[in-house]
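What follows is a single structure, written as structure tokens, with notes after it.
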Amino acid sequence: MQNFAATLLLFGLISFSFVECRRKLLYESYVTYHAINCRKHTAFLTDFGGNGDGITSNTAVFQAAVRNLSQVAEDGGAQLIVPPGKWVTGSFNLTSHFTLFIQSGAVILASQDAGEYPLVEPLPSYGEGRDGPGGRFSSLIGGSHLTDVVITGDNGTIDGQGSVWWKKFNRKKLRNTRPYLIELMYSNQLQISNLTLIDSPSWFVHPVYSSDIIIQELTIRAPIDSPNTDGINPDSCNNVKIQDVNVVSGYDCVAVKSGLDEYGIKFGMPTEQMVIRRLTCNSPNGAVIALGSEMSGGIKNIRAEDITAINSESGIRIKTGPGRGSYITDIFVNGMNLQTMDYVFWTTGSYGQHPDLGFDSKALPVVDRINYRNVVAEDVKTAGNMGGIDGDPFTGFCLSNVTVGFGVPQENLAWNCTDVSGVSSNVTPEPCDVLTEKGPSDCEYPPDPVPIDNFELNTCSFSSTT
Ligand SMILES: *[C@@H]1O[C@H](CO)[C@@H](O)[C@H](O)[C@H]1NC(C)=O
Ligand SMILES: *[C@@H]1O[C@H](CO)[C@@H](O)[C@H](O)[C@H]1NC(C)=O
Ligand SMILES: *[C@@H]1O[C@H](CO)[C@@H](O)[C@H](O)[C@H]1NC(C)=O
Ligand SMILES: *[C@@H]1O[C@H](CO)[C@@H](O)[C@H](O)[C@H]1NC(C)=O
Ligand SMILES: *[C@@H]1O[C@H](CO)[C@@H](O)[C@H](O)[C@H]1NC(C)=O
Ligand SMILES: *[C@@H]1O[C@H](CO)[C@@H](O)[C@H](O)[C@H]1NC(C)=O
């Protein structure tokens, strides 16, 4: 009887510690994450011969892995795990129903060999590459005509190693346009999240001609003097959410676009239904959020809330000019906290830069219904530098609850308004004459969410013990 009790006790102890041990193993070997869809199949880059030594090129390995896993796209899809290590690669494309998961401690290092980025055609809504009249180097990570694509991680890194490209660009040695870090085109159901992106050769994240897009929890870093290192550029996209993103870069932290001049007008695909939330920006040479200058397909129904900036050139900047045509309308901003800025409000109706001489200087943009409320800014040089177009004024500005404090000594005019009109309420200092007409105490902010805001992510996982 006593023996039996002792055996029971012993057995109890053993099974207890066994359970503890198993629990620990399980805890350590499972990675969970949130995504628009989970995948039935899991593979590791090393399954395809990947070498994470930081020297060997894995371009063919990434391409083979995606090609292989595209076979199961219609059978529950696949997640490709990039484990800790330094994985050098040139350009590769993704596939549908696919997740690229970059683990913490993993760095995808962009090859600095231009030969690793095959040239592709200019975008149809641009007519030319943005850096020159030639073609475009493929983006590091690309994809076209896809559905249901996730690029995520537990804060793994993609390092664009852009310095070689910045040097060539600054010396005007480029005929073709620099690669972007991530460019997905003609695609839908996209998620890019939980990653650190550094030193892109040019723009970081460029979804174009795409819809139903979630971009969140990104840390984006490039030197503040690096050329055109825009953070996130949704371009002719619909139903987009960008949130919890922290950008330090050489140009605009977020730039909303839709094609250029006659090419963008002809292509006619706007960016609309988008929310940008909890963006933090540090960009002394760029806007926190730019609308344009490429806007020839139209920009409409864009919301921004809870925006923070330190040491940036401007808050929201509208950039357009004769030749662009189309419209920027129904812009809603609620809550900006800005510290050390050249401009809080900046609109430019004289933006140059044309793809060629084929643009129609009579194609004038409509800029209307631009709403800003709840803005606090300190250490500012100019509150508003607001220019429209002679004969084509920018209309329907509404500013409410805006407080701007200036640097000492205050060197510039507080406001400079030309060819703009609108209303205001509770704005300090008193805005320029054309905006002093009394407006609502709260400028409009739509109460209904953009559709993507209602989308719930799933909890997905994989076992990282191989
Ligand atoms: C991103 O990572 C954090 C911390 O690991 C986690 O709490 C969050 O759910 C992740 N987000 C997504 C979209 O997976
Ligand atoms: C690629 O896919 C095939 C199935 O078509 C599979 O048998 C093979 O093992 C895969 N290759 C690798 C390296 O995983
Ligand atoms: C990626 O896809 C684009 C668009 O289909 C194509 O032009 C390009 O050649 C592909 N790149 C690679 C490396 O396969
Ligand atoms: C991700 O890593 C970056 C760079 O190390 C860091 O600044 C950031 O805080 C990290 N993000 C999270 C959510 O841990
Ligand atoms: C005015 O805006 C500031 C900054 O967003 C906010 O903290 C404050 O609550 C707003 N005041 C009113 C009356 O809405
Ligand atoms: C005010 O704006 C106009 C048009 O944008 C510009 O030509 C002018 O130089 C500005 N004035 C000052 C004092 O900045």
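Every number for a ligand or one of its atoms is a count from 1 in the order of the listing.
Salt bridge annotation for D252-K319: present, with a cationic side-chain nitrogen under 4.0 angstrom from a carboxylate oxygen.
Remark: R178 fails to qualify as a cation-pi partner of F137 under the 6.0 Å distance and 45° angle criteria applied to the six-membered ring.
Using a 4.0 Å cut-off to heavy atoms of T418, the atoms of ligand 6 that qualify are 2 (O), 3 (C), 4 (C). Below 4.0 Å from some heavy atom of S144 lie the following atoms of ligand 3, by number and element: 4 (C), 5 (O). When each atom of ligand 3 is checked for a heavy atom of V120 under 4.0 Å away, the hits are 7 (O).
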Could you list the donor-acceptor pairs under 3.5 angstrom formed between side-chain atoms of residues 380-392 and any protein atom two or more places apart in sequence or on another chain?
unit_1 : atom_1 : unit_2 : atom_2 : d
K381   : NZ     : D342   : OD1    : 3.2
T382   : OG1    : N412   : ND2    : 3.1

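Pocket lining of ligand 1, defined as residues with a non-hydrogen atom under 4.0 Å away: H34, N194, Q216, E217, L457.
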For this session: Starting from the C-alpha separation in whole Å, work towards a yes-or-no answer on side-chain hydrogen bond (donor to acceptor under 3.5 Å, both in side chains) for D235 and Y126.
Result: CA-CA 11 Å; D235 199 346; Y126 281 72; 2.6 Å; yes

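Proximity of the aromatic rings of Y372 and F345 is defined here by a centroid distance below 6.0 angstrom, and this criterion is met. Two rings, from Y117 and W165, have their centers less than 6.0 Å apart.
For the pair N385 and ligand 6, the shortest N or O to N or O distance does not fall below 3.5 Å. The shortest N/O to N/O separation between N93 and ligand 3 falls below 3.5 Å.
Every residue meeting the salt bridge (charged side-chain N to carboxylate O under 4.0 Å, His left out) condition with R39, not counting sequence neighbours, appears here in chain and number order: D148.
Residue pairs meeting the salt bridge (charged side-chain N to carboxylate O under 4.0 Å, His left out) criterion with at least one partner in residues 278-296, sequence neighbours excluded, are R130-E294, D244-R278, K257-E294.
Checking H41 against D75 by side-chain atom types alone, a donor-acceptor pair falls below 3.5 Å.
The proximity of Q63 to ligand 3, defined as any non-hydrogen pair under 4.0 Å, is limited to the side chain.
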